[in-house]
Amino acid sequence: MLLERIKPILFLALIIVLSASVQAQTPQASPSPTPKAEEQEPVKVFTEEVRLQVAAFDQYGHYDPALELDEVLVLEDGIAQQVRSIQHLPANVLLLLDTGNQLGLKNTNVTRDVGQRVVDALGAGNRIAIMQFSERPELLQTWTADKETAQKALKTKIHSGKTSRLSEAMAAAADQFKEIPIGTRHIVLITDGVEGPGGRFNLPATLKQLNSIQASVHIISYTVLSRKEIQKLNAWRKGDGIQRDGNPASNPVANGDPTLPPGTTRTPSFKLASKDADPALAKRRKESERATIFSEAQLSEIAEESGGQIWLPDSLSDLLGEAESIARDIASQYVVTYRPTRPLAAAKSGEYRKVEVASRRVGLHLRSRQGYVVP
């Protein structure tokens with residue numbers, strides 16, 4: 001009887017064991033791999049905001065510390081824009097120093113002294129980088145907020161060269177601003193702007209490059225000083241064909257010639273000074289004089305287009321004194337932002353937009369760059 005009762009249980013257990021064995025031997029289909037999503041092209045995100053560096057002065061030429069939104073009129077391609085914010089931010093200042101001296105008309109020691117004075121005059125919180133150029137551009141100091149570090153670089157690393165490559169220097173300077181916020185970018189350029197032999201300075205290309213980085217360029221130019229020195233080297237003093245006599249009363253020739261001034265004799269003339277005997281050198285100096293006139297016009301255009309200024313000192317003392325003028329000019333600048341009515345995302349590659357900034361308040365004077373290239 002007992003065996004009859006457990007037979008059904010044993011039979012059921014056997015069926016369960018056989019079923020499990022069959023499942024274990026049946027190959028399992030491996031899960032199909034999840035298909036990868038198609039790689040999409042990077043989405044270009046445009047920041048629909050333009051940042052302008054705007055210098056603000058009162059009627060006496062002093063920095064205006066109370067600029068308000070409703071006091072600034074911004075026109076882009078002739079269309080009024082709505083100003084969204086005005087801020088006074090620390091500046092990033094690159095000193096770009098011309099140490100080439102092919103004709104001995106620039107003084108590297110003076111250039112260094114001007115750079116040191118600019119560093120001293122800049123306010124706390126600003127960052128400074130230093131680059132010199134002659135045969136090639138050379139970065140002497142990366143960005144630092146430590147004035148002592150900047151001064152040490154100026155004191156120990158400046159050296160003179162035989163020629164100047166301004167075009168290469170401007171390109172190298174532009175590269176230093178890749179990680180610097182727009183609206184705080186400044187270049188202090190100390191130069192005569194004359195490209196050395198073999199150099200190819202291209203003003204339109206340089207302006208386009210500066211527009212792309214949107215840096216204000218503040219220039220102390222050696223051009224006037226250089227021309228004065230060239231004119232001094234080329235000058236001579238001529239005699240007038242008349243020899244002065246120390247005792248005219250005893251000279252019957254002088255007394256008997258009524259056409260001559262009193263106290264003079266009709267004798268061969270002589271020169272009191274002579275011109276440089278090297279005609280080739282004199283020719284080079286003349287060419288350099290013309291070159292400074294041309295470069296001065298180019299430097300002026302660079303400063304005006306970028307919203308900076310150019311200083312043209314005619315003495316070494318004035319040149320040294322302009323360092324403080326540059327520091328004051330940089331300190332006077334605000335960052336003005338607006339959202340353009342014509343979207344930046346719709347702009348063509350490399351599109352240039354003209355910008356005008358005007359004051360809505362009597363006695364307030366504003367200065368900014370004349371345009372920008374859409375990023």
Looking at residues at least two apart in the chain, or sitting in another chain, which of them share a side-chain contact (heavy atoms from CB on, under 4.5 Å) with Arg227?
Thr223, Val224, Gln231, Glu289, Thr292, Ile293, Glu296
side-chain contact (heavy atoms from CB on, under 4.5 Å) between Ile190 and Leu96: does it pass, once the steps are laid out?
CA-CA 6 Å; Ile190 305 174; Leu96 187 57; over 6 Å; no
From the list Arg367, Arg369, Gln309, Gln370, side-chain hydrogen bond (donor to acceptor under 3.5 Å, both in side chains) partner of Glu304 resolves to Gln370
Residue among Thr144, Asn92, Thr142, Asp146 satisfying side-chain hydrogen bond (donor to acceptor under 3.5 Å, both in side chains) with Arg127
Asn92
Please give the remaining members of the hydrophobic cluster of Val335, linking ILVMFWY side chains under 4.5 Å, ordered by chain and number.
Leu89
Looking only at heavy atoms, the pair that brings Tyr334 and Asp64 closest together is OH-O, 2.6 Å
Set out, in order, the CA-CA distance, both residues' side-chain angles and the distance that settles side-chain contact (heavy atoms from CB on, under 4.5 Å) for Glu305 and Asn211, then state yes or no.
CA-CA 8 Å; Glu305 173 68 28; Asn211 281 326; 3.4 Å; yes
Going through the distances and angles, do Glu135 and Arg165 end up as a side-chain contact (heavy atoms from CB on, under 4.5 Å)?
CA-CA 6 Å; Glu135 289 85 359; Arg165 293 285 186 270; 5.6 Å; no
Residues that Asp318 engages under side-chain hydrogen bond (donor to acceptor under 3.5 Å, both in side chains), provided they are two or more places apart:
Ser315
Applying side-chain hydrogen bond (donor to acceptor under 3.5 Å, both in side chains), can you list everything that pairs with His218, at least two apart in sequence or on another chain?
His186, Asp329
Answer with yes or no whether the side chains of Gln209 and Thr206 bring together a donor and an acceptor at under 3.5 Å.
no
CD (Glu351) with more than 12 external heavy atoms under 6.0 Å:
yes
Once you round to the nearest 0.5 Å, how far does CD1 of Ile220 lie from CG of Asp192?
13.5 Å
OH-CG distance between Tyr352 and Leu207, expressed to the nearest 0.5 angstrom:
8.5 Å
Step-by-step side-chain contact (heavy atoms from CB on, under 4.5 Å) determination, Lys155 to Gln116:
CA-CA 8 Å; Lys155 185 176 181 180; Gln116 290 179 317; 4.0 Å; yes
Identify, with sequence neighbours excluded, every residue that meets salt bridge (charged side-chain N to carboxylate O under 4.0 Å, His left out) alongside Glu168.
none
Report the C-alpha separation of Ser212 and Tyr372 in whole Å, then their side-chain angles, then the decisive distance to 0.1 Å, and conclude whether the side chain to side chain donor-acceptor pair (under 3.5 Å) test is met.
CA-CA 7 Å; Ser212 68; Tyr372 69 95; over 6 Å; no
Between Gln132 and His159, is any pair of side-chain heavy atoms under 4.5 Å apart?
yes
Between Ser85 and Thr337, does a side chain to side chain donor-acceptor pair (under 3.5 Å) hold up when you go through it step by step?
CA-CA 5 Å; Ser85 68; Thr337 66; 2.4 Å; yes
Consider side-chain contact (heavy atoms from CB on, under 4.5 Å). Of Thr149, Ile128, Val93, Val188, which one does Val119 pass it with?
Ile128
Give me each pair satisfying salt bridge (charged side-chain N to carboxylate O under 4.0 Å, His left out) with a member in residues 66-90, each pair once, sequence neighbours excluded.
Glu71-Arg361, Glu76-Arg353, Asp77-Arg342
Indicate yes or no: does Asp120 engage Lys147 in a salt bridge with an N to O separation below 4.0 Å.
no
